[in-house]
Protein chains: 2
Amino acid sequence: MKGKRITIYDIAKEVGIAPSSVSKALNNLPSVSNKIKALVKAKANELNYKYNSNAANLRSGFSRTIGVIVPKINVAFFSNAIAGMEEVCFENNHGLIICQSDESYEREVQCIQTLIHQNVDCILISLSQETRATQHLLEIKNNQMGLVQFDRVDESFASHRVVNDNSHAAYEAVKHLIEQGYKKIAFLGGSDHLTVYNDRKQGYLQAIKEADLNIPYNYILDNEFKTETALKAATELLQYKDPPDAFFTVTDHAALGVLKAAWSLGLRVPDEVGIIGFSNETFTEVTFPTLSSVDQQSRNLGKAAANMYFNHMLAAAPVNTVAQNFEMQVIESSLIVRESSERVRAM
Amino acid sequence: MKGKRITIYDIAKEVGIAPSSVSKALNNLPSVSNKIKALVKAKANELNYKYNSNAANLRSGFSRTIGVIVPKINVAFFSNAIAGMEEVCFENNHGLIICQSDESYEREVQCIQTLIHQNVDCILISLSQETRATQHLLEIKNNQMGLVQFDRVDESFASHRVVNDNSHAAYEAVKHLIEQGYKKIAFLGGSDHLTVYNDRKQGYLQAIKEADLNIPYNYILDNEFKTETALKAATELLQYKDPPDAFFTVTDHAALGVLKAAWSLGLRVPDEVGIIGFSNETFTEVTFPTLSSVDQQSRNLGKAAANMYFNHMLAAAPVNTVAQNFEMQVIESSLIVRESSERVRAM
DNA sequence: AATTTATTGGCAATCGGTTTCCTGAATTAA
DNA sequence: TTAATTCAGGAAACCGATTGCCAATAAATT
């Protein structure tokens, strides 16, 4: 740190008024005349003054910064969500600090510590795969900071939330498969302690039930959300004497695994095997055939999460801190029908 | 802001020593005994003390935070680079603030202002498409903050830099095409004021020249880095009476466009048309056929950019501020050969 | 035993805005 | 004209950690 930074004291001296008045002028407070305001602003500009948010934050208690913790920053869903958050923060003149837990509970706890030290005003978090406890979330609240859970949330922990309509989206997806004439629809799920995956499973089950389909129990698998494992699982299922004629998977990566399995077994998609994945990853548009998927509106979800803070927590006076009621927003997903699930009308 | 935050004063009172000693103990400074250190740390833990970085930063001048500005956060290359930076920052106990310029010069300037206000110690930046001037970069230096340009850099502006070996990588890619027997290799480039794209073009040209191939000038196009435009351009080129037999494109998206063009014209890839893209996007693995591409080691690049600060700027005493010599690191890319460029040995 | 040298810990200033309280002047009301 | 009310702007405390300097005690040296 070398060169002297321009401060409000420098401006005050130049203009010939008190530092406190400079502060008031720069913040457009009413107790200072327009003439002075203009003078101060002009001089600030002239001297190329940069206000020091550390100083301001220290005094005011607000950092005008919010933090976000995601499992993986380079997963399309999360990076899009972050892009949305960043947009909203920028509009509201707030900074955004990003941390990734790398799907580790321990890292997640560390991230929260870091953000507490940084004194962020609010934390937006999507839980890691490993996370079961919520002790660390409690600490956020103990430090008087805002908290918004998004996507991978713990429903038992009271806080504002933004989630997808996972169950309903899955229901629609499976219903679409049924409408296309598929009757033996297998399910490849995720870690079942994560509600996002579990909700998708419920949606699947509901659609199956409504259509009164008879699905063998071994068509319904958990923990098959990666390409490789899904490839293996699908290959096995498809070689049964009574194989599934369609797959609904909780991730696009799993859908890709199924596609590869069908391919290597010489089965035609969608004629002999229908496939729908989840998340609408970029690659779903370029596989052969292209993969149907559920689009989660991740960018909007991110915007909604950030707005949860700006609309419901920043302004809101902390009146009834005891009987708080938390907002819960559901972002609608939409089914993107591509080739892998649309049978040519040759029934 | 409600509940009182625990400060070093609280700890001091409880332990019965001065606040300054608490600070020294917590920072492991030598002028405090181990006994006191243990006492202080135990008490800090007990009281659940969180240190306030705003206060510390204000006094010390360092924020232990670095800022990164990228054109788009949700582009695989950048989100991976950011993931790498985040990792390095985390290891070094620094925060990372992320901003996106959205390919706009104006936004880029605003991002820099924001980061200056936040008082970050260093800014890592990859320039937007629109950016031509570097006035705003100068301001970073005027504010005594570190600056590292990465990927999309302005070579005329003196600063630390981390880039890919774009030219060489392109050269290798085109050489590979030539080795596969392609003779009429077209080039789809990017905005030519960006050195990254221009370097790739130079590498292409060099390989062409060395092989003494005769390429019609209209095979070499700029500003064709998106899927749609590349699709159109390739369709046109492929319908010439003397069409290209291969394409080298500066992005994978353009490569995808070419693939689609070949497809719709009924041309077989790689037999009749060879294709190599750039960036190794996720989707290159799942197209039909799969796309060869250049992997940029984006995560490593991000780590290198962040380490540039930790290794060369943080420790380095600002001795010869005038005759500074800037580090320039080149990250090696590697060619990933997939189906789209590997002709079955049927020559 | 006396004096020099280390070691340990405290005092107080400091970073740069923010905010409360207060004063003197200007405006309005009586 | 005098008293009451506004209003613009200033003085100073404050946020919480850091750090240079100093004092007191302990240790080492002669």
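Per chain, numbering begins at 1; letters A, B, ... match sequence-line order. Here the structure is a predicted model, which is why all the values come from computation and not from measurement.
- A:Y49 has a side-chain polar atom (N or O) that falls below the 4.0 Å cut-off from OP1 or OP2 of C:dG17.
- Nucleic acid contact class of B:Y51 (heavy atoms, under 4.0 Å, all strands): sugar-phosphate only.
- Between the A:D121 side chain and the A:R64 main chain, a donor and an acceptor come within less than 3.5 Å of each other.
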N/O-N/O pairs, protein side and nucleotides 6-12 of chain C side, under 3.5 Å:
from: C:dG9; atom 1: OP1; to: B:S33; atom 2: OG; distance (Å): 3.2
from: C:dG9; atom 1: OP2; to: B:S33; atom 2: N; distance (Å): 2.5
from: C:dG9; atom 1: OP2; to: B:S33; atom 2: OG; distance (Å): 3.0
from: C:dG9; atom 1: N7; to: B:S31; atom 2: O; distance (Å): 3.3
from: C:dG10; atom 1: OP1; to: B:A18; atom 2: N; distance (Å): 3.4
from: C:dG10; atom 1: OP2; to: B:A18; atom 2: N; distance (Å): 3.1
from: C:dG10; atom 1: OP2; to: B:S21; atom 2: OG; distance (Å): 2.3
from: C:dG10; atom 1: O6; to: B:K24; atom 2: NZ; distance (Å): 2.5
from: C:dC11; atom 1: N4; to: B:S20; atom 2: OG; distance (Å): 3.0

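- Using bins of under 30°, 30° to 60° and over 60° for the plane-to-plane angle, the ring pair A:F78/A:F150 lands in the perpendicular bin.
- Checked against the 6.0 Å centroid threshold, A:F310 and A:H94 count as a close aromatic pair.
- A cation-pi geometry, defined here as NZ or CZ lying under 6.0 Å from the six-membered ring centre and within 45° of its normal, holds between B:R107 and A:F90.
- Put simply, the side chain of B:R161 does not reach to within 4.5 Å of the side chain of B:Q329, judged on heavy atoms.
- Counting 5' to 3', DNA chain D first comes under 4.0 angstrom of a heavy atom of chain A and last does so at the ends given by D:dA8 to D:dG16.
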Exercise for the section: With side-chain contact (heavy atoms from CB on, under 4.5 Å) as the test, would you mind laying out the steps for A:I66 and A:L124 before giving the verdict? Expected result: CA-CA 8 Å; A:I66 80 180; A:L124 315 178; 3.9 Å; yes

Exercise for the section: Report the C-alpha distance between A:H136 and A:E108 in whole Å, list the side-chain angles of each, state the deciding distance to 0.1 Å, and finish with yes or no for side-chain hydrogen bond (donor to acceptor under 3.5 Å, both in side chains). Expected result: CA-CA 9 Å; A:H136 54 322; A:E108 189 170 291; 2.7 Å; yes

Handout entry: Working for side-chain hydrogen bond (donor to acceptor under 3.5 Å, both in side chains), residues B:S128 and B:E103
Key = CA-CA 4 Å; B:S128 85; B:E103 301 287 12; 4.9 Å; no

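- Residue A:I8 contributes atom CD1, which lies 8 Å from atom C1' of C:dT18 at whole-angstrom precision.
- In this structure, B:T7 reaches the sugar-phosphate backbone alone: every heavy-atom distance under 4.0 Å involves primed, P, OP1 or OP2 atoms, never a base.
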Practice task
Walk me through it: do A:V68 and A:I125 pass the test side-chain contact (heavy atoms from CB on, under 4.5 Å)?
Solution key: CA-CA 6 Å; A:V68 53; A:I125 189 170; over 6 Å; no

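- Taking side-chain N and O atoms only, A:N27 has a distance below 4.0 Å to OP1 or OP2 of C:dT18.
- Atoms CZ (A:R59) and C1' (C:dC15) sit 15 Å apart, rounded to a whole Å.
- Between the CG atom of A:L29 and the P atom of C:dT19 there is a distance of 8 Å, given to the nearest Å.
- The separation between B:N54 atom CG and C:dT18 atom P is 12 Å, rounded to whole Å.
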